[in-house]
Amino acid sequence: MHAPSYPVRGAGLGLRRDFISEAAEQPPPAASFYEVAPENWIGVGGRFGRLFRSMTERYPFVCHGLSLSIGSPAALDETFVQRVKAFLDTHQIRAYTEHLSYTSDDGQLYDLMPIPFTEDAVHYVAERVRRVQDILERRIALENVSYYAAPGQALREIDFVNAVLEEADCDLLLDVNNIYVNSINHDYDAVEFLEALPADRVVYCHVAGHYVEAPDLRVDTHGTDVIDPVWSLLDHAYQRFGVFPTLLERDFNIPPLDQLNAEVAKIAAIQARHQPAADLEVAHA
Ligand SMILES: [Fe+2]
């Protein structure tokens with residue numbers, strides 16, 4: 001099985017400035033690892049810098065980038081990628097992931113930028129991913145993103161995603177909430193999509209909550225609790241691909257830390273249903 005080879009295990013929590021102070025003092029017990037956006041922490045000094053360092057010294061971390069913009073028509077910012085590499089090395093961060101996205105859109109809640117799913121885009125993105133992996137001297141995983149409009153599609157989303165992963169020879173960060181949101185917004189079957197993903201490239205996972213704008217429109221806000229159909233999709237993913245490390249993303253309306261811990265514990269409980277307890281040891285460094 002692929003998952004044990006990923007450098008973190010179990011259930012994790014996206015670490016935010018809002019609660020880093022509290023987490024440093026009383027770490028949420030269900031969290032086996034943390035994730036941050038390098039853009040939010042590169043060059044940060046002072047009190048927050050010290051807090052961040054105290055966390056990376058104690059716990060396993062992964063990074064999830066925001067601004068690589070792997071599909072952008074603009075040239076790849078190799079200086080930025082070098083800075084990310086230095087950051088990963090400084091904090092001994094175990095893995096780096098990014099969005100399979102055509103925009104650096106993560107700061108927006110409701111992005112209408114078109115994503116052309118074409119053969120040309122597959123080649124273009126794959127070459128850039130390979131370059132990033134060369135600079136970082138690490139294999140990376142790309143996340144399936146939520147999107148709200150995609151005019152002029154030559155390929156289905158699933159075929160586009162799979163072709164990029166194959167040609168770039170990189171891994172997949174499976175975001176089950178994004179699959180759910182897209183399945184409603186673009187009227188497809190979430191389980192069918194999930195099952196068509198390449199098992200050997202699924203290494204890591206995100207769950208999050210989203211906003212119900214209308215019965216046929218969900219917005220990927222990371223601002224609410226995870227809903228039952230998304231938990232079910234996670235369960236189905238473990239059944240299909242085996243258990244892989246999974247992280248709770250929460251960026252808005254952040255509840256008290258014990259509530260976040262309860263959601264992380266729920267991830268761990270679903271993982272436990274799919275694998276023997278011995279495999280679930282907390283991977284604290
Ligand atoms: Fe995500």
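No hydrogens, no waters, no symmetry mates; every other heavy atom, side chains included, goes into these values.
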So, [X] versus [Y]: side-chain donor-acceptor pair below 3.5 Å or not?
X	Y	result
Asn177	His210	yes
Arg47	Ser21	yes
His123	Glu167	yes

* How close do Asp216 and Asn185 get, heavy atom to heavy atom, and via which atoms? ->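 The answer is O-OD1, 3.4 Å.
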* **Minimum heavy-atom distance between Tyr34 and Pro27, given as atom pair plus value** =>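 That would be OH-CB, 4.0 Å.
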Is any side-chain heavy atom of [X] less than 4.5 Å from a side-chain heavy atom of [Y]?
X	Y	result
Pro255	Leu260	yes
Val8	Arg94	yes
Val226	Leu248	yes
Ser72	Arg128	yes
Leu217	Ile184	no
Arg58	Ser54	yes

Is the distance between the ring centroids of [X] and [Y] less than 6.0 Å?
X	Y	answer
His64	His206	yes
Tyr188	Phe193	yes
Tyr147	His186	yes

* Asked: Parallel, tilted or perpendicular for Phe52 and Phe87, by the 30°/60° rule?
  ->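 Plane angle under 30°, so parallel.
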* Worked check of salt bridge (Lys or Arg N to Asp or Glu O under 4.0 Å) between Arg250 and Asp18 -> CA-CA 11 Å; Arg250 185 72 181 248; Asp18 307 64; over 6 Å; no
Would you call [X] and [Y] a salt bridge, taking side-chain N to carboxylate O under 4.0 Å as the test?
X	Y	result
Glu137	Lys85	yes
Asp169	Arg130	no
Arg131	Glu127	no

* If you count the non-hydrogen atoms of other residues, nucleotides and ligands that lie under 6.0 Å from CZ in Arg83, is the total more than 12? ->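 Counting other residues, nucleotides and ligands, CZ of Arg83 stays at 12 neighbours or fewer.
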* Check each of Tyr6, Tyr204, Tyr238 against Phe244 using the ring-ring contact (aromatic ring centres under 6.0 Å, His included) test, and report the only one that passes. =>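 When ring-ring contact (aromatic ring centres under 6.0 Å, His included) is applied between Phe244 and each of Tyr6, Tyr204, Tyr238, only Tyr238 qualifies.
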* Is it true that Val132 and Ile42 fall in one hydrophobic cluster, defined by side-chain heavy atoms closer than 4.5 Å? ->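 Yes, Val132 and Ile42 fall within the same hydrophobic cluster.
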